[in-house]
There are 2 protein chains.
Amino acid sequence: MSEVQDTEAAADAAPAAAGTAPAVRPHTGRRRNEAAHRAILDAALRLLAESDGTPVTIDAIARTAGVGKQTVYRWWPSKGAVLLDALTDRADQDVHGPDTGSLGSDLQAFIATTFEAAQRDTTASALRTVAREAARDPHLAELMRSFTAARRGALRELLARGCERGELAGEADLDLIADQVYGVFWYRFLLGHAALDADTAERLASSLTRGNAAG
Amino acid sequence: MSEVQDTEAAADAAPAAAGTAPAVRPHTGRRRNEAAHRAILDAALRLLAESDGTPVTIDAIARTAGVGKQTVYRWWPSKGAVLLDALTDRADQDVHGPDTGSLGSDLQAFIATTFEAAQRDTTASALRTVAREAARDPHLAELMRSFTAARRGALRELLARGCERGELAGEADLDLIADQVYGVFWYRFLLGHAALDADTAERLASSLTRGNAAG
DNA sequence: TGTTTGCCGAGACTGTTAGTCTTGTCAAGC
DNA sequence: GCTTGACAAGACTAACAGTCTCGGCAAACA
């Protein structure tokens with residue numbers, strides 16, 4: 001997700017003919033400071049986790065990281081990009097559902113894991129804040145869309161395996177089932193009117209399995 | 001939902017004893033202009049409907065309504081309150097689910113109606129904008145919470161009827177079922193990655209009915 | 001060693017918007 | 001006619017995203 005521009009990658013290109021575009025030349029000057037990069041991500045994550053719902057500002061991130069604002073914008077194109085990068089930085093990027101051989105237990109494990117991961121203290125507040133910011137920031141919204149699409153895709157695969165095994169009806173709408181899972185998750189997560197606990201995960205999994213079973 | 005302060009309502013209270021709070025006295029001076037109130041709501045609704053995702057500003061509402069900004073704040077406490085009021089102004093406030101005697105058809109009708117209502121051109125854009133604003137505005141978020149709670153309550157009643165009739169298992173989690181409906185709805189409505197059509201409503205209703213049937 | 005290049009921190013600056021405050025006007029009642 | 005309080009207009013404040021500028025410093029190279 002980091003937007004590091006690699007100037008050196010093109011350094012071995014042939015020199016441009018005279019009179020055309022300026023010659024590609026090797027990188028010179030001071031290099032980007034990886035420590036600043038990390039400090040920004042760490043600061044963003046900490047502020048996100050500590051946020052009580054109020055938006056996290058770029059000024060605060062830069063100040064906390066001991067970094068100039070311009071440095072933030074040198075590495076990321078917008079505030080949203082920093083926030084989402086901070087959030088996904090340490091999370092497994094390749095989501096992989098469990099594969100126990102039974103749809104019921106796979107699904108329940110997947111849902112329970114999702115619920116649990118979002119409840120972890122540092123994550124919950126950060127995720128909520130990012131979701132809130134995404135509502136206003138089209139750039140972040142796009143990043144969130146691909147983020148959620150990846151998760152949904154993993155769940156869909158899990159469901160497809162169940163379908164192949166004949167545990168789900170052939171005409172079952174896998175996308176709708178996935179959206180029921182993530183719909184409940186986000187709805188409860190953002191409104192906070194009801195729990196997202198292991199018991200809920202179990203009920204949800206069994207309701208979905210029964211509701212879309214073959215036969 | 002209008003936050004009209006009714007100064008006159010307390011006018012017939014007994015005069016305060018000397019030395020305590022100032023005496024309640026009848027209203028004097030120019031009265032509030034009901035036409036301005038309506039003009040603001042109409043302007044807000046129109047701007048919400050026309051909004052292409054960019055936030056609707058108070059300045060724009062006031063200018064469109066031909067009204068001073070202060071007048072807006074005289075009637076409503078915050079921008080969010082105006083927006084939600086504009087949105088709910090014409091909607092049925094008392095949500096009532098259908099009652100055909102069969103859970104399956106009741107549920108399907110309820111979901112289909114919900115999906116359909118949200119798709120109406122003027123509503124969809126307005127609802128999306130209000131949801132986006134609610135993400136940043138705690139006051140509006142609170143109003144939205146009670147707004148959604150009312151809808152969820154109507155759905156829950158519908159489900160409770162089905163439960164009494166024995167169409168749902170006694171141990172079925174009615175709140176979870178309701179949250180699946182509204183979860184899918186908001187998830188798809190806000191992300192826009194999949195349709196909210198009559199077919200989806202039917203599949204969702206039947207999946208929920210089968211997944212939580214008695215026996 | 002000295003020069004060039006480009007990142008660095010610091011912070012001033014611009015533009016936008018929510019919400020408040022001010023001013024002069026106008027209508028309702030006494 | 002006087003008092004009261006709503007009214008339109010718009011100046012003002014405070015936040016915040018994102019840009020720009022500046023002097024400083026480190027990496028490569030001559």
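As a basis for the values below, the full set of heavy atoms in this structure was taken, side chains included, without hydrogen atoms, waters or symmetry mates. Here is how names work: the chains are called A, B, and so on, in the same order as the sequence lines, proteins then strands, and each is numbered from 1. Model, not experiment: these values are computed from the prediction.
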- request: Scan residues 188-198 of chain A for pairs that pass salt bridge (charged side-chain N to carboxylate O under 4.0 Å, His left out), counting only residues two or more places apart or in two chains.
  value: Arg188(A)-Asp179(B)
task: Round to a whole Å and report the spacing from CD1 of Ile58(B) to C1' of dA15(D).
output: 17 Å
statement: Smallest heavy-atom separation, Leu168(B) atom then Leu159(B) atom, equals CD1-O, 3.7 Å
message: Between C1' on dC7(D) and NE2 on His37(B), what's the gap in Å once rounded to a whole number?
response: 15 Å
- request: Measure the distance from NE2 on His139(A) to P on dG18(D) and round it to the nearest whole Å.
  value: 10 Å
message: Tell me the interatomic distance from Glu34(B), atom CD, to dA27(C), atom C1', rounded to whole angstroms.
response: 16 Å
- request: Kindly say if Thr57(B) contacts the phosphate of dT17(C), meaning a side-chain N or O under 4.0 Å from OP1 or OP2.
  value: no
field: Spacing between Leu83(A) atom CG and dC16(D) atom P, to the nearest angstrom
entry: 14 Å
field: Residues Lys79(A), Asp137(A): salt bridge by 4.0 Å N-O rule
entry: no
- prompt: Taking 4.0 angstrom as the limit, do Arg46(B) and Asp42(B) come out as a salt bridge?
  reply: no
For a quick test of your reading: what N or O donor-acceptor pairs under 3.5 Å do the side chains of residues 48-67 of chain B make, sequence neighbours left out?
residue  : atom : partner  : partner atom : Å
Ser51(B) : OG   : Gly53(B) : N            : 3.1
Ser51(B) : OG   : Thr54(B) : O            : 2.8
Asp52(B) : OD1  : Thr54(B) : OG1          : 2.7
Thr57(B) : OG1  : Ala60(B) : N            : 3.0
Thr64(B) : OG1  : Ala60(B) : O            : 2.7

message: Ring-plane angle category for Trp75(B) and His37(B), please: parallel below 30°, perpendicular beyond 60°, tilted otherwise.
response: tilted
- request: Sugar-phosphate atoms are those with a prime plus P, OP1 and OP2; base atoms are the rest. Using that split, label each nucleotide of nucleotides 21-27 of chain D B, S or - for protein heavy atoms under 4.0 Å, 5' to 3'.
  value: ---BBBS
- prompt: Please give, in whole Å, the distance from dT20(C) C1' to Asp59(B) CG?
  reply: 13 Å
field: Comparing Val56(B) and Ala62(A) on DNA chain C - which has the more 5′ nearest nucleotide
entry: Ala62(A)
task: Check the distance between dA10(C)'s C1' and Ile40(A)'s CD1 and give it to me in whole angstrom.
output: 14 Å
message: On the side chain of Lys69(B), is there an atom forming a donor-acceptor pair with the base of dG19(C) - under 3.5 Å, no angle test?
response: yes
task: Compute whether any side-chain donor of one residue and acceptor of the other, for His139(B) and Glu142(B), lie under 3.5 angstrom apart.
output: no
message: Whether the side chain of Lys79(B) and the base of dG19(C) hold a donor-acceptor pair under 3.5 Å is what I'd like checked.
response: no
message: If I take atom CZ in residue Arg74(B) and atom C1' in nucleotide dA9(D), what distance separates them, rounded to the nearest angstrom?
response: 12 Å
message: Quick check: on DNA chain D, is the nucleotide nearest Gly68(B) upstream (toward 5') of the one nearest Gly80(A), or the reverse? Name the residue that is more 5'.
response: Gly68(B)
task: Determine: side-chain N/O of Trp75(B) to OP1/OP2 of dC7(D), distance under 4.0 Å, yes or no.
output: yes
query: If you check every side-chain atom of Tyr73(A), which of dC8(C), dG18(D), dC7(D) has the closest atom?
result: dG18(D)
